[in-house]
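Nothing here was measured: the structure is a model prediction, and the numbers come from that model. Values below: all heavy atoms of this structure, side chains included; hydrogens, waters and symmetry mates excluded.
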Amino acid sequence: MGKADLHTHTNASDGVLTPEELILKIKSKGLKTIAITDHDTIKGYQQAVDIAEKENICLIPGVEITALWGDKEVHILAYYFDPENEPFQQLLLRQKRARILRMKAIVEELKKQGIDIDMDEVRAESGPGNVGRPHAASVLISKGYVASVAEAFIRYLSTEKLEDIKTEYATITEVIEITRAAGGVLSLAHPGPIYSQNEIDELLNFGIDGIECIHPSHNFNVQQSFKRLAKSRNLLVTGGSDYHGKGKSDYEPHLGIVTIGDAHVQSIKRLAQRRKN
Ligand code: AMP
Ligand code: FE
Ligand code: FE
Ligand code: ZN
């Protein structure tokens, strides 16, 4: 049995650690089960499969998908999908391209504001992994425009500052349909600080199976109220640390602390098994 962390990032997206390093790190924290949920890619998960087996860690297929809900971006966690499913792989490819196009637009917008930045510099930060705003933040820090990732988001990279940039992410309906058809189970990521009660109801009605009740951005009361909501709607409870590694997010200290019990993992797994039958 033991504790699980169902929300982590590697350098396949905007995390710092390699998938191998992440598996060793979560083992050192005493965790038994992990989902690597990189942004719109399962490459980190795939890369970690062998070492997880060797280290006797239960590695669940996972990904954090950015979906469009009107002009808003919503993060949806998916688990236990078939990683070989063709339409699902196509969805992730499309998301990867959408990320590159969006980053090119962000770089152009920053240039207009007089910032000396180009796409090659951002790609040097992301490497072959999926590009995201934290990579642009790293460039802004190393060039002395801002002192921290938080400042980069406040001054340049927040959703509000970038609201005129149109993105080509899949819609929430597409994400849910394709992921379910690939046998996956979906959870609304870190809803706490982001949505109103009405918005949460509307989002869950799209056919999301669970709520990420346990997340570093949720205090105890928020956690409890999402757990009550999950229970009343007969939805799954998911949770994790949203670990990105040192210097990439405020959630760095939460690895090994913000966890979820094995009973919840088993419920997620049971729903995925029913969906595949
Ligand atoms: P993107 O994938 O390009 O949409 O960027 C979203 C990622 O940026 C999130 O997963 C976080 O890792 C990070 N992020 C978002 N907002 C902030 C913030 N205010 N401060 C630091 N990191 C943030
Ligand atoms: Fe992230
Ligand atoms: Fe997220
Ligand atoms: Zn995340």
Query raised in the report: Nearest heavy-atom pair of Leu68 and Glu73: which atoms, and what distance?
Result: CD2-CG, 4.0 Å
Requested in this report: State, yes or no, whether a side-chain contact exists between Pro19 and Val49 at a heavy-atom distance under 4.5 Å.
Outcome: no
Query raised in the report: Going through the distances and angles, do Ile214 and Thr259 end up as a side chain to side chain contact (heavy atoms under 4.5 Å, CB included)?
Result: CA-CA 7 Å; Ile214 316 292; Thr259 60; over 6 Å; no
Query raised in the report: What distance separates Asp164 CG from Asp71 CG, expressed to the nearest 0.5 Å?
Result: 10.5 Å
Query - Side chain proximity check, Leu17 to Asn11, heavy atoms < 4.5 angstrom - result: no
Query raised in the report: Using the ring of each side chain (for Trp, its six-membered ring), is Trp69 parallel, tilted or perpendicular to Phe206, with breaks at 30° and 60°?
Result: perpendicular
Report task. Find the distance between NE2 (His75) and CD (Glu212) and round it off to the nearest 0.5 Å. Result -> 11.0 Å
Query raised in the report: Is it the case that one hydrophobic cluster holds both Ile65 and Val185, taking links as side-chain heavy atoms less than 4.5 Å apart, direct or via other members?
Result: no
Report task. Assess whether side chain to side chain contact (heavy atoms under 4.5 Å, CB included) is satisfied between Arg123 and Ile100, documenting all intermediate values. Result -> CA-CA 9 Å; Arg123 289 322 298 256; Ile100 293 170; 3.5 Å; yes
Report summary line: All heavy atoms of Gly44 vs all of Ile36, minimum pair found to be O-CD1, 4.0 Å
Requested in this report: Return the set of residues passing ring pair (Phe, Tyr, Trp, His ring centres under 6.0 Å) with Tyr45 (not counting sequence neighbours), or none when no residue passes.
Outcome: none
Query raised in the report: With the threshold set at 4.0 Å, does a side-chain nitrogen-carboxylate oxygen contact exist between Asp262 and Lys3?
Result: no
Requested in this report: Taking all non-hydrogen atoms of both residues into account, name the closest pair between Ile208 and Leu186 and its distance.
Outcome: CG2-O, 3.6 Å
Query raised in the report: Can you name the nearest heavy-atom pair linking Tyr243 to Lys25, along with the distance?
Result: OH-CE, 3.6 Å
Query raised in the report: Under a 4.5 Å cut-off applied to non-hydrogen side-chain atoms, are Gln224 and Arg228 in contact?
Result: yes
Query - Close side-chain approach of Glu21 and Val16, heavy atoms under 4.5 Å - result: no
Query raised in the report: Would Leu91 end up clustered with Tyr80 when hydrophobic side chains under 4.5 Å apart are linked, directly or stepwise?
Result: no
Query raised in the report: Can a salt bridge be assigned to the pair Asp209 and Arg275 using a cut-off of 4.0 Å between side-chain N and carboxylate O?
Result: yes
Report summary line: Separation between CD1 (Ile257) and NZ (Lys29), nearest 0.5 Å, reads 6.5 Å
Query raised in the report: Taking side chain as C-beta onward, heavy atoms only, is Glu174 less than 4.5 Å from Glu177?
Result: no
Query raised in the report: Distance from Lys32 atom NZ to Cys58 atom SG, nearest 0.5 Å?
Result: 11.5 Å
**Report entry** Leu77 and Val63, any side-chain heavy atoms less than 4.5 Å apart
**Finding:** no
Query raised in the report: Are Leu235 and Leu271 connected in the hydrophobic side-chain network, where two residues link if heavy atoms are under 4.5 Å apart?
Result: no
**Report entry** Carboxylate-amine/guanidinium contact Glu121 Lys143, below 4.0 Å
**Finding:** yes
Report task. Show your reasoning for whether side chain to side chain contact (heavy atoms under 4.5 Å, CB included) applies to Arg233 and Leu229. Result -> CA-CA 6 Å; Arg233 293 187 62 135; Leu229 177 64; 3.9 Å; yes
Report summary line: Output for pair (Ile57 CD1, Ile26 CD1), nearest 0.5 Å, gives 4.0 Å
Query raised in the report: Got Arg133 and Arg99 here, is their nearest side-chain heavy-atom distance under 4.5 Å?
Result: no
Query raised in the report: Can you name the closest pair of heavy atoms from Gln95 and Ala170 and give their distance?
Result: OE1-N, 2.8 Å
Requested in this report: Take Arg97 and Glu168 through the test side chain to side chain contact (heavy atoms under 4.5 Å, CB included) and record every step on the way to the result.
Outcome: CA-CA 8 Å; Arg97 281 196 293 270; Glu168 294 184 22; over 6 Å; no
Query raised in the report: If two hydrophobic side chains count as joined below 4.5 Å and joins carry through other members, does Val175 share a cluster with Tyr169?
Result: no
Report task. Report whether Leu59 and Val265 are members of the same hydrophobic cluster (ILVMFWY, side-chain heavy atoms less than 4.5 Å apart, transitive linking). Result -> no
Requested in this report: Rounded to the nearest 0.5 Å, what's the gap from OG on Ser217 to CD on Gln223? Could you check?
Outcome: 10.0 Å
Query raised in the report: Just by modelled atom types, is the Thr10 backbone N or O under 3.5 Å from a matching donor or acceptor in the Asp38 side chain?
Result: yes
Query raised in the report: Below 4.5 Å, heavy atoms only, C-beta onward: do Thr8 and Asp5 meet side chain to side chain?
Result: yes
Report task. Provide the closest heavy-atom pair for Leu236 versus Ala230 in the form atom of the first, atom of the second, distance. Result -> O-CB, 4.1 Å
Report task. Could you check His39 against His9 for ring-ring contact (aromatic ring centres under 6.0 Å, His included), going step by step and ending with a plain yes or no? Result -> CA-CA 8 Å; His39 297 284; His9 295 268; 4.3 Å; yes
